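Owing to the predicted nature of the structure, the values given are computational and were not obtained by experimental measurement. Chain naming here is simple, since letters A, B, ... match the order of the sequence lines and numbering starts at 1 in each. Basis for what follows: all heavy atoms, side chains included, without hydrogens, waters or symmetry-related copies.
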2 protein chains.
Amino acid sequence: MARVTLKTIAIKTGYSITTVSRALAGYSDVSPATREKIVAVAEELGYYPNLTARQLQKQRTDTVGIILPTFGPRFADPYFSEIIAGIGDELAQQGYDLLISTCPPGPGELAAYRHKVEGGRVDGLIVIRTRRQDQRIAYLAQTSFPFVAFGRTDLDLDFPYIDEDGEAGSYELTRHLISLGHQRIGYISAPPDLMFAHFRLQGYRHALTDAKLPYDEQVVVYGDLTRRGGAQVARRLLSLTPRPTALIAANDLMALGAIAVAREAGLEIGRDLSIAGFDDIPPAEITSLTTLRQPIYEIGRRLSQMICALIRGQTLEQSHVLLKPKLLVRASSGPPLHT
Amino acid sequence: MARVTLKTIAIKTGYSITTVSRALAGYSDVSPATREKIVAVAEELGYYPNLTARQLQKQRTDTVGIILPTFGPRFADPYFSEIIAGIGDELAQQGYDLLISTCPPGPGELAAYRHKVEGGRVDGLIVIRTRRQDQRIAYLAQTSFPFVAFGRTDLDLDFPYIDEDGEAGSYELTRHLISLGHQRIGYISAPPDLMFAHFRLQGYRHALTDAKLPYDEQVVVYGDLTRRGGAQVARRLLSLTPRPTALIAANDLMALGAIAVAREAGLEIGRDLSIAGFDDIPPAEITSLTTLRQPIYEIGRRLSQMICALIRGQTLEQSHVLLKPKLLVRASSGPPLHT
DNA sequence: TGTCTCATCCAAAACGTTTTGGGCGTATAC
DNA sequence: GTATACGCCCAAAACGTTTTGGATGAGACA
């Protein structure tokens, strides 16, 4: 049972390959009678066009790519899955496929991007979790390949992106804790080369400064964005004297790790120690974690909309989108016990 | 800046396209001297092979596909993301890409599968969340296209799969609750056409029967696998008289929904009402939910290993894998209050 | 009768790669 | 001096599709 191609149909019907192709594509220069015959035979033979061949000819793949910057062996971060969900759903609706690969951040990363871009594997790319000096963005911006990013960079380049206003969010959250009476607020940052880590830390700093509170490097630590990593560095913060009365983590996962550590230490969350996170992933609600909500799923959809528009050659009416995260005050934050 | 192809290099170096191709591919029938020249020029011009063309010629795509059966508009189920993480990581390691699309279950689904298979879009497929009469499996089994499934079916077909022994797990969990003293155990099932729903419900039934407890249809309800759906039907169960003293949900998400409802009703989980789930997604641990753990991430990896082997034409040493889920007893289950 | 239009069809080129099946020298073996 | 072998190279075919640029013949119109 060999593959049935246009040629098969052409031979069986006696028409040329051209005519068969054009009949199936619905061109008007083939008579209704022959079209019917051809369609019938195609149906009967179970013809299905070879998409690779079509891609080669049309010079487009109807596919959008994303390369997940996985640290370690896995990307099972709810943040990734939410955004992929949004991207995938919207892409499906627009008639595109999603090609996912993974590549750890580092020197090999550029090769992965070239592979996709110059290999013509996809029509456009979505870049997530941007970094301050992001080589991926630098590379893509210098080609004219369509791409959108989730996040800004420090580079002096103009490119389409969606980003949350992490600084504003972080500022608001810190102010919230300050207004509750906290004076010594620990901060669990994300790796500092990540752009969002920078913004979120900035917001925290500015809020302290504006409240005339000192910025103490001792209470600022760096975690790897995982639950376990958050727990690790939270332990360090909790052993300081005087102990911070509140902790902010740069993402919910680390905040959850901190909560686990604090509980182990016999602290009641929201009373003995306030903890807040960032993102509002599903477990956050269950744990009553005060956090900053960003609509990750929605962002995924909008990223897809943008990349599809770019691929189609349209110009974006808005190529720089900045979303304000929403502060959700839950039980994990409360006034400090006075000493 | 036009695309640089083999032809570009051929013209620039004066060699033929064939020689250029073979030089870059490392064949031994081109002299080291010319190979060097060609490689140098390729490098200089920034040559990158067109993958679509290569695919067309080689008749393979080095891509594995998966079609997510999304109910409603989104697939942000932690279960999906875990398994995709496992699949993607392993695939990347084996040198394959992952092509993801989404398609709601229903009549249009087969077309999506034909699209991938007969369009030559991918070299193999992974099918997840199998159904009792699974048309996708029926279709794929009848072609000789490589695929593996996560889950069995009721169809009389032989195909490679990995599955958890949901019946055994569910049996063990139900026995656990019975041994704690529960007599009236509510069950929140998944949609009954899903194969795993069937097995899990079976385990519950058998455990009751073996303990000489009645199987009461009144306490068996059906949810849509989401948190909200679980909450909805849990409300129904909690309004029954006599009220069940324990609830089992066919997945953790619904169990979490049930917990929320029970708390609203002023019940203390693990004391006034025991609740157990299935899957052990990350929030389960945080919520101290008694559940059955299945290593979803690992299953994803193994699925990938199997499909890669099949694509390479190897025969699987084990084409039917059945994994026993592990019972994790946490604080959400305890003995009933005696009345 | 000759020209023009129009409907219908098709051969060939193109997309960029790999593979097939040699060709052409030069060196080795007899 | 003639076979044989081998190192190096290449033209052409192939993968399956779409597009380009006509070709053909019938009917309309002068």
Which part of the nucleic acid, if any, lies within contact of Thr18(B), taking any heavy atom under 4.0 Å across all strands shown: a base, the sugar-phosphate backbone alone, or nothing? base

Which of these, Lys116(A), Arg121(A), Arg114(A), sits in a side-chain hydrogen bond (donor to acceptor under 3.5 Å, both in side chains) with Glu118(A)? Arg114(A)

Measure the distance from CG on Asp29(A) to C1' on dT18(D) and round it to the nearest whole Å. 13 Å

Mark yes or no for whether Arg35(A), through its side chain, and Tyr27(A), through its backbone, hold a donor-acceptor pair below 3.5 Å. yes

Can you tell me if Thr19(A) touches the phosphate of dC10(C), counting only side-chain N or O atoms and a distance under 4.0 Å to OP1 or OP2? yes

Contact under 4.0 Å: Thr5(B) side-chain N or O vs dG16(C) OP1/OP2: no

Tell me which of Tyr47(A) and Val20(B) sits closer to the 5' end of DNA chain D, going by the nucleotide each one is nearest to. Val20(B)

Would you mind classifying the nucleic acid contact of Ser21(A) as base, sugar-phosphate or nothing, using non-hydrogen atoms under 4.0 angstrom? base

Counting the benzene-type ring for Trp, do Phe159(B) and Tyr161(B) have ring centres under 6.0 Å apart? yes

Applying a 4.0 Å non-hydrogen cut-off, can you work out what Thr34(A) is touching in the nucleic acid: base, sugar-phosphate, or nothing? sugar-phosphate

Can you tell me the distance, in whole Å, between the CD1 atom of Ile17(A) and the C1' atom of dC10(C)? 11 Å

Among dT18(C), dG16(C), dC10(C), the one nearest any side-chain atom of Tyr15(A) is dC10(C)

Whole angstroms only, please: what is the NZ-P distance between Lys58(A) and dG16(D)? 18 Å

Please check the phosphate of dT19(C) (OP1 and OP2 only) for any side-chain N or O of Tyr27(B) closer than 4.0 Å. yes

Students often mix this up, so state it plainly: with edges at 30° and 60°, are the rings of Tyr48(A) and His115(B) parallel, tilted or perpendicular? perpendicular

Can you tell me how far C1' of dG16(C) sits from CD of Gln59(B), to the nearest Å? 14 Å

Round to a whole Å and report the spacing from CG of Asn50(B) to C1' of dG16(C). 6 Å

Calculate the interatomic distance between Gln57(B) atom CD and dT17(D) atom C1'; express it in whole Å. 15 Å

Any side-chain heavy-atom pair of Tyr96(B) and Asp123(B) under 4.5 Å: yes

Would you indicate which nucleotide in dC9(C), dC15(D), dC10(C) comes nearest to any side-chain atom of Val30(A)? dC9(C)

Side chain of Leu6(A) only, heavy atoms from C-beta on: which candidate in dA11(D), dT17(C), dT17(D) is closest? dT17(D)

Between C1' on dA7(C) and CZ on Arg22(A), what's the gap in Å once rounded to a whole number? 13 Å

Calculate the interatomic distance between Arg54(B) atom CZ and dG16(C) atom C1'; express it in whole Å. 10 Å

